[in-house]
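Contents: one structure, followed by commentary.
Numbers here simply count residues along the sequence, with the first being 1. Just so it is clear, the model here is predicted, and its values are computed rather than measured.
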Amino acid sequence: MPFTRRKIAVIGAGFTGTTCALMIAQKELGDVVLVDIPSMENPTKGKALDMLETSPVQKFDSNITGTSSYEDIEGADLIIITAGIPRKPGMSRDELVATNAKIMKDVSEQVKQYASESYVLVLSNPVDAMTYVCYQTTGFPKNRVIGQSGVLDTSRFNTFVAQELGVSVEDVTSFVLGGHGDSMVPLVRYSHAGGIPLDKLLPQEKIEEIVERTRKGGGEIVHLLGEGSAYYAPAASLVLMVEAILKDKKRILPSIAYLEGEYGYENIYLGVPTILGGNGIESIIELPLSNDEKGQLDYSADAVKNVMALVDSQ
């Protein structure tokens, strides 16, 4: 049997979807099919062609095509779902739930029909609940339906720490757990710069400022943009997860995973440390938490459950 390139479908040709498609092609992770609604078919084809025409300049051999037909995702190895309306200034992620849940159900039905063996990464907000909708609708195993927020939230935390310390971002490591939003839980105790615990390098009040800025990191960008939401860092975070799966790298990355008893929670999608490899989420790492950390995670889990309950009631 001849070797063939991987096929990766990106659903949603907005800023995040197109940025993601280009980054995937630049890394030669596979051929990309960019999908949007029929009224956006020509702009989607145009964006795909424009990106493809960068390949001779940037020297990559990945094909990028645009379409509004889900038949074109048939046989895809991996699906990235970015479809949904963007968050507007003053709008919480939870307020997006009704509209985006319907979009997610429609998209997930198509994924189930045309790419039944695929692995799915979800980004659409509110992402914890939308990953749950995708899981319910596709009926795929839980290891193949994964949400992205923790890689992005951790990246934001690391950025702010590196800025404050005046050091390379490459030397900062940390973990952010819980739901994607104001209730996320940056684990300061597990955060280091150059292997040195963060609380040995920064005063407590500065760490708390960074934690608070990270929790509101998405809103800060929404406010600055005036319209739409962040897309460069979310796209880069998705591509990191794509690479971990397609290359079977077994990276330890925070993912939104379906929990069945881990951390004391049942039947909930929540951000936790995972091992991400060729079989999607291959395992969940359970870290020992202090009473305060567990209390924060409980609060975050309750916030996610409330949004999931909204989805279930519709």
Side-chain angles (χ1 to χ4, degrees), residues 84 86-98 100-101 104 122-133 135 146-161 174-191 198 204-205 207-223 229-230 233-234 237 253-259 261-274 284-313:
R87 189 156 57 121
K88 298 174 181 175
M91 178 187 286
S92 73
R93 287 186 177 84
D94 295 357
E95 290 171 322
L96 296 175
V97 66
N100 281 354
M104 183 58 62
V122 176
L123 183 73
S124 311
N125 274 322
V127 63
D128 315 274
M130 292 306 105
T131 309
Y132 173 64
V133 171
Y135 172 68
I146 308 159
Q148 189 295 121
S149 72
V151 174
L152 171 62
D153 295 330
T154 301
S155 178
R156 286 176 173 156
F157 184 80
N158 290 355
T159 299
F160 302 146
V161 169
S174 64
F175 248 108
V176 175
L177 303 184
H180 184 48
D182 296 347
S183 65
M184 70 178 73
V185 185
L187 287 182
V188 175
R189 197 158 54 94
Y190 292 97
S191 303
L198 209 55
Q204 186 59 33
E205 57 270 24
I207 293 174
E208 289 174 3
E209 282 180 24
I210 291 173
V211 166
E212 192 60 16
R213 189 178 179 190
T214 301
R215 285 185 173 135
K216 296 178 179 175
E220 181 179 356
I221 292 177
V222 167
H223 175 73
S229 56
S237 302
L253 294 172
S255 305
I256 297 173
Y258 190 69
L259 304 186
E262 295 90 347
Y263 288 93
Y265 307 121
E266 292 278 356
N267 305 319
I268 181 176
Y269 263 98
L270 194 67
V272 292
T274 62
I284 293 171
I285 298 171
E286 290 195 71
L287 297 170
L289 300 179
S290 67
N291 289 336
D292 180 58
E293 290 163 346
K294 184 61 167 66
Q296 292 182 56
L297 194 58
D298 286 344
Y299 176 78
S300 185
D302 286 343
V304 172
K305 285 178 183 175
N306 288 338
V307 183
M308 288 173 60
L310 276 176
V311 170
D312 284 333
S313 67

Task: Leu198/Tyr190 under side chain to side chain contact (heavy atoms under 4.5 Å, CB included): CA gap, chis, key distance, verdict - done: CA-CA 8 Å; Leu198 209 55; Tyr190 292 97; over 6 Å; no
Do [X] side-chain atoms and [Y] backbone N/O form a donor-acceptor pair below 3.5 Å?
| X | Y | value |
| --- | --- | --- |
| Glu205 | Glu209 | no |
| Ser155 | Val151 | no |
| Ser174 | Asn158 | no |
| Ser237 | Ala233 | yes |
| Asn100 | Gly84 | no |

Measure the [atom1]-[atom2] distance between [X] and [Y] for me, rounded to the nearest 0.5 Å.
| X | Y | atom1 | atom2 | value |
| --- | --- | --- | --- | --- |
| Leu310 | Lys305 | CG | NZ | 15.0 Å |
| Ile256 | Leu270 | CD1 | CG | 8.0 Å |
| Ser300 | Arg215 | OG | CZ | 8.5 Å |
| Phe175 | Ser191 | CZ | OG | 10.0 Å |

Within the 4.5 Å heavy-atom criterion, are [X] and [Y] side-chain neighbours or not?
| X | Y | answer |
| --- | --- | --- |
| Pro254 | Val176 | no |
| Met184 | Thr214 | yes |
| Leu259 | Ile284 | yes |
| Val161 | Ile210 | yes |
| Leu289 | Leu297 | yes |
| Val122 | Met104 | yes |
| Leu187 | Leu177 | yes |
| Tyr263 | Asp298 | no |

What heavy-atom pair brings [X] and [Y] nearest, and what distance separates the two atoms?
| X | Y | result |
| --- | --- | --- |
| Arg156 | Ala230 | NH2-CB, 3.5 Å |
| Pro186 | Val211 | CG-CG1, 3.8 Å |
| Val127 | Ser149 | CG1-CB, 4.0 Å |
| Asp128 | Gly178 | OD1-O, 4.3 Å |
| Val311 | Met130 | CG2-CE, 4.4 Å |
| Ile146 | Ser255 | CG2-CB, 3.8 Å |

Task: Near-ring test Tyr269/Tyr258, centroid separation under 6.0 angstrom - done: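 Ring centroids of Tyr258 and Tyr269 are less than 6.0 Å from each other.
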TODO: Would you mind checking if Lys216 and Glu212 are paired as a salt bridge, meaning a charged N to carboxylate O distance below 4.0 Å?
DONE: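 Salt bridge flag = yes for Lys216 with Glu212.
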TODO: Check the pair Tyr132 / Ile268 against side chain to side chain contact (heavy atoms under 4.5 Å, CB included), numbers first and verdict last.
DONE: CA-CA 8 Å; Tyr132 173 64; Ile268 181 176; over 6 Å; no
